[in-house]
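These notes concern the structure reproduced below.
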Amino acid sequence: MILRRLVMLLLAGGAIASPYVGIVPGWTPALATAVALNALALIGLNLIFGVVGMLAFGQAAFMALPAYGAGVLQHAGMPLAAALVLGLAATVATARIVGSLFARLPGVFLAVGTLGFGFVVEGLARAFPAWTGGASGLVFPSGRAIGRDLWYGIAVASLAIGLASYSWHVRGAVWRRLRTIRHDELAAAVLGIDTAREKARQFTIGSSYAAVGGLLLAYYVGVLVPEDAGVNRSLEQVGTVLMGGLGFLLGPLVGAALVRWLFVVAGYGARYELLIYGVVFLGVVIYARDGMMGWLIGAWQRVAPPPRRRSIPAVAPSRERVATKRSGVCLEVRGIAKRFGGVQALADIDFEVRAGEIFAMVGPNGAGKSTLFNIISGIEAPSAGTILLDGRDVTGLAIDRRAPFIGRSFQVARLVPELTAIANLMVRLDQIMPERPEAEREAIALAQLGSFGLAALADQPVRTLSLGQHKLIDLARAAAGDPPLVLLDEPAVGLAADELLHLAELLETLRSRGSAVLIVEHNIEFVAGIAERGIVLDSGKVIALGGIRDILADERVNAAYFGALA
Ligand code: ADP
Ligand code: MG
């Protein structure tokens, strides 16, 4: 740990001093200043694209906009400080609007929307040359008074502040939340994340980094031309961040340094600019998808492997933390109907599930089970009817707002592969108990894994685990925080015989904690062994409801279900 710190400190000091030492040809204070300011701006794109996975093409426009704003105001006679503040504020406000318009849209539309925004800013710069200087550029004389070394100091300090604020922002619960969104937005919503709001928020924050970096860069360089706001510039930035390494703290710095330095080595010629970008981007995509940082960290870890995992408590935490014992009706489904165009997927569905019972939903393919599940979890809106949870009407409640009441697993487990098992559980706890300290959420997640017999896997990235383990972790996550209702979509699919026994025990544990468990399951034998009551659907209608043995013995059920299977 101390060794790591020392090495980091030495590296940082060396990097800061490097332009004055002159061992790397062409690496001058002037170049390093431009690199640092560019890297500051790219922290934003690294957040938006690298961390959250939103492919935004307008970041160069967010760099140019505040500078155009401030420059125009200054030329109109406004004092420097006021012009800078106003230019920045207007850009952040614009980012908020662009973010709330586009960030919620699927990837392609976000890309095209931000592309359009880039065209608009470049277009405005060209359309009003009287203000913006048009193609010959807007001049910023104020920066000249600041000498070379002071500029370098400003650039290094602002980059350091940028990196520190970024790592303070993107850690713990926020990191887990953003990685979950990046991997799977539907799963994120089911876990309680308001994905549209979160994405818009990160877009605004990221664009603010671009604005500050771009503003400083324009005053440093002293001139701004319309191309600086343009789409080519934005595309190069996407490539630069990719090259540095998506989602790595130092990715933007390493990417910017490499690209700018290569230009200089190639002789400053605009002749070679595209060629360098092109060849380097191709190389990264083919040979190093995790970018320079991914490659460097991989090499470092081979030299100094990271410390191994936490010690696992010898005795799994007991269940004394048991949530308040619940009783009575938990879920009420009243007159639910759903049409898809001409298909009546569900009609007149009425049933209730009580606290502390395992309730099964069975029926042949196409019966409407998944649709009903989706309506209960809020993924789909019913055409008619109401859903009550603990007596409260949740029919119109957004998916993410239902997370405190409903935990759900998926037919195919939807975990975030790069996160550890415990982090996957914590994503849910982060949303439903945000007021608890991180350590407490971690303890609850660990105890939950323990009671599912998974404590030993806590610190393993789930991508290294088997599919059966995925299913169990997904189950543990659904039930984390002891929600009143747990929805399980075919939990037994793909499990071996001994795993089925384990699963039956786990469901019994959930039940005994007072949760109502609603499961969709094809394995009738399994269902008959664990559920007390159930419902049979066929062609969108209830054909049997009641005690599990009675309904499975029902003649109509046999005809519909086993007839269909035969
Ligand atoms: P199950 O899960 O019991 O196999 P589903 O709920 O998936 O059944 O499907 C019930 C009926 O609704 C089927 O006829 C299916 O084709 C139809 N359906 C389900 N989802 C959609 C959708 N998004 N659009 C149109 N039809 C759908
Ligand atoms: Mg289904």
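Just so it is clear, the structure is predicted and the values come from calculations on it, not from any experiment. Numbering of ligands and ligand atoms starts at 1, following listing order.
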Can you pull out the closest protein heavy atom to [atom]? Residue, atom name and distance to 0.1 Å, please.
atom: atom 5 (P) of ligand 1; value: T371 OG1, 3.6 Å
atom: atom 12 (O) of ligand 1; value: A345 CB, 3.3 Å
atom: atom 4 (O) of ligand 1; value: G366 N, 2.7 Å
atom: atom 19 (C) of ligand 1; value: F340 CE1, 3.4 Å
atom: atom 8 (O) of ligand 1; value: G368 N, 3.1 Å

Have a look at E532 and tell me which of R354, R511, R549 forms a salt bridge (Lys or Arg N to Asp or Glu O under 4.0 Å) with it. R511

With a distance cut-off below 6.0 Å to the six-membered ring centre and an angular limit of 45° from the axis, does R414 pair with F410 as a cation-pi contact? yes

Heavy-atom nearest neighbour of atom 14 (O) of ligand 1 within options N374, V343, D489: V343

Should E380 be counted as touching ligand 1, given the test is an N or O pair under 3.5 Å? no

Can the ring centroids of F102 and F117 be said to lie less than 6.0 angstrom from one another? no

So, for atom 16 (O) of ligand 1, does the protein have a heavy atom nearer than 4.0 Å? no

Atom 21 (C) of ligand 1 touched by protein (heavy atom, under 4.0 Å): yes

Can a donor-acceptor pair be found between the side chains of N374 and R408 at a distance below 3.5 Å? yes

When you compare the side chains of Q448 and R477, does any donor N or O come within less than 3.5 Å of an acceptor on the partner? no

Criterion side-chain hydrogen bond (donor to acceptor under 3.5 Å, both in side chains) against E418, the qualifying member of R179, R463, H183: R179

More than 12 non-hydrogen atoms from neighbouring residues, nucleotides or ligands closer than 6.0 Å to CZ on R334, yes or no? yes

Count the heavy atoms belonging to other residues, nucleotides or ligands that lie under 6.0 Å from CZ of F109, then report whether that count exceeds 12. no

A student checking ligand 1 against N365 at a 4.0 Å heavy-atom cut-off should list atoms 4 (O)

Any idea which atoms of ligand 1 are less than 4.0 Å away from a heavy-atom of S370? 1 (P), 2 (O), 6 (O), 7 (O)

Does T371 bring an N, O or S atom to within less than 2.8 Å of the Mg ion (ligand 2)? no

